[in-house]
Participant: 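Pasting a structure below so you can have a look.
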Amino acid sequence: MEENFKVIDNYLMVKMPEEIDHHQSAAISERADMFIIHKKVNNVVFDFEKTVFMDSSGIGIIMGRYKKVRCFGGKVFAVHVNGAIRRVIYLSGLHKVMDILE
Amino acid sequence: MEENFKVIDNYLMVKMPEEIDHHQSAAISERADMFIIHKKVNNVVFDFEKTVFMDSSGIGIIMGRYKKVRCFGGKVFAVHVNGAIRRVIYLSGLHKVMDILE
Amino acid sequence: MDREMKNEITLEFDAVSVNEGFARVAVAAFITSVNPTIEEISDVKTALSEAVTNAIIHGYEEKEGKVRVVCLLEGDRLTVEVKDKGKGIENVERAMEPLYTTKPELERSGMGFAFMEAFMDELEVESAVGEGTTVRMRKKLGTESYLGDEE
Amino acid sequence: MDREMKNEITLEFDAVSVNEGFARVAVAAFITSVNPTIEEISDVKTALSEAVTNAIIHGYEEKEGKVRVVCLLEGDRLTVEVKDKGKGIENVERAMEPLYTTKPELERSGMGFAFMEAFMDELEVESAVGEGTTVRMRKKLGTESYLGDEE
Ligand SMILES: Nc1ncnc2c1ncn2[C@@H]1O[C@H](COP(=O)(O)OP(=O)(O)O)[C@@H](O)[C@H]1O
Ligand SMILES: Nc1ncnc2c1ncn2[C@@H]1O[C@H](COP(=O)(O)OP(=O)(O)O)[C@@H](O)[C@H]1O
């Protein structure tokens, strides 16, 4: 799991798994928070390149991190957002708090 | 299904499906027999290039065609035989009646 | 397959999160016989995942229990029923409101029922406190095949 | 996953051949949690396919009926039970002989039980005429992981 987290300057890059559901979501959130708190990163970039499935557990991961970083003026980004993931993001309204980079 | 059967000279080439089980086996056998009887082919070549799964229903297809063509001195061949298919063929003893071309 | 052919499967499994993925794959495999579009498969998987996750974390609150999924295909019409014998829901109407969740501490977004509604054609929820919850969803599959069909 | 964790799933489905593929995919998805080798997955799928096909063509003779598959993982030890309430087997010992088949007209090879024995570690068959048949198979999975394990 460690290799899916990387800090670049002030940004935490999170490589999201193939399937994002409740089974893995708590582990991803905890790991990300460790970096946010101990490495003092301000921004989080979620990379969906490998992801083929995401249910509302993914919304929880993203919203949770957003709430953590915005207190220090941080932001949340998404990259490599494909069809199925895009629908889930727009349906939930997440695109209003997150920058989606094409 | 039609595109999976092709006659070249005296040989019927049968492209086997991805999964060979009881669900499809009768249809494959019937179709092959139509060619054997009406186009008077003597030999049958089973091509396992696409095949990732075969249970004992596949043995039935091959043995059945073998019994039909051997009366006229015909033969049965297998090409593109990969790991899982090879095990099923050897375990059943089919390699004794069929030429496996590497 | 015969257009009006009926086919039914039942899955019953332990209420543990590792089985969420299993249930999605099983139901996706079941519906392939009617040639759904990739988007439809994704819709069904998402809705199912929401209902199964709810049974595990809300119904049984991650304690022991069995989740039952019944899938029925009547021609290209799919019905999926997800049932638990967990704690039940006091106020179903309120529970179905978007963003409503009783487990914010688990980072639940309250979007589960909203997703089931969005990704399926119909959604019904029956629940009784102390007895459990049944979610029933319906969807017509393979809608793209209309063009080439003679019906 | 905990090495000695238990996890059980049950599939119940209509005895029609289109469900043979569904059952294989579902059971393969269930066992992935213990990281089986590709060969082990293939072994389990083949053995399961034989047992499910037998229930459909011999047990129910392609008439209506339900097939039940119960899979239990205890750590990396898999038990698969395939049950039908069909016609049953008069002489189980003879039925299990390689090449013995009562349906040569369907091009059955009589290799079904032989394959189940070859691809799984253990095989038990219980049957009663007029009541049905239960096939129980066991296999230890992920045997390759021993090397890297500290047990
Ligand atoms: N199977 C269930 N058993 C008990 N309560 C449930 C069940 N499903 C949903 N609920 C209740 O309905 C609420 C809303 O559900 P949902 O829209 O899926 O959002 P979330 O799962 O994110 O909380 C849950 O927080 C829970 O209180
Ligand atoms: N579930 C079952 N119900 C009734 N009879 C069965 C069942 N499974 C197997 N048999 C009997 O045992 C015989 C041998 O089975 P098997 O070794 O699988 O070969 P095959 O399926 O090719 O006939 C079958 O031909 C059938 O008579």
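Here is the naming used below: chain letters follow the sequence lines, and residue numbers restart at 1 for every chain.
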Participant: Go through the structure and list residues passing side-chain hydrogen bond (donor to acceptor under 3.5 Å, both in side chains) with D/Asn19, not counting sequence neighbours.
Facilitator: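 Listed in chain order: C/Asn7.
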Participant: Ignoring hydrogens, what is the shortest heavy-atom contact between D/Lys6 and C/Asp14? Give both atom names and the distance.
Facilitator: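 Of all heavy-atom pairs spanning D/Lys6 and C/Asp14, the closest is O-OD2, 4.2 Å.
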Participant: Check this for me: D/Lys83, atom NZ, are more than 12 non-hydrogen atoms of other residues, nucleotides or ligands nearer than 6.0 Å?
Facilitator: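 Counting other residues, nucleotides and ligands, NZ of D/Lys83 stays at 12 neighbours or fewer.
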Participant: Surrounding CD of C/Glu64 (heavy atoms of other residues, nucleotides or ligands, distance under 6.0 Å), is the total greater than 12?
Facilitator: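 Incorrect, the count does not exceed 12.
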Participant: Is there a side-chain contact between C/Lys66 and D/Glu8, using heavy atoms and a 4.5 Å cut-off?
Facilitator: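 A side-chain contact under 4.5 Å exists here.
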Participant: Check the pair C/Val25, D/Val25 against side-chain contact (heavy atoms from CB on, under 4.5 Å), reporting the backbone distance first and the verdict last.
Facilitator: CA-CA 7 Å; C/Val25 174; D/Val25 174; 3.5 Å; yes
Participant: Atom CZ of D/Phe13 and atom SG of C/Cys71: how far apart are they, to the nearest 0.5 Å?
Facilitator: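 So the gap between those two atoms works out to 13.5 Å.
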Participant: Would one find more than 12 heavy atoms of other residues, nucleotides or ligands at under 6.0 Å from atom CD of D/Glu93?
Facilitator: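 Atom CD in D/Glu93 is not crowded, with 12 or fewer foreign heavy atoms closer than 6.0 Å.
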Participant: Among D/Val27, D/Thr32, D/Thr10, single out the residue with the greatest number of heavy-atom pairs under 4.5 Å to chain C.
Facilitator: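 Of D/Val27, D/Thr32, D/Thr10, D/Thr10 has the most heavy-atom pairs under 4.5 Å with chain C.
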Participant: Of all residues at least two apart in sequence or in a different chain, which pass the side-chain hydrogen bond (donor to acceptor under 3.5 Å, both in side chains) check with D/Arg136?
Facilitator: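 For D/Arg136 the side-chain hydrogen bond (donor to acceptor under 3.5 Å, both in side chains) partners, ignoring immediate neighbours, are D/Glu81, D/Glu124, D/Glu126.
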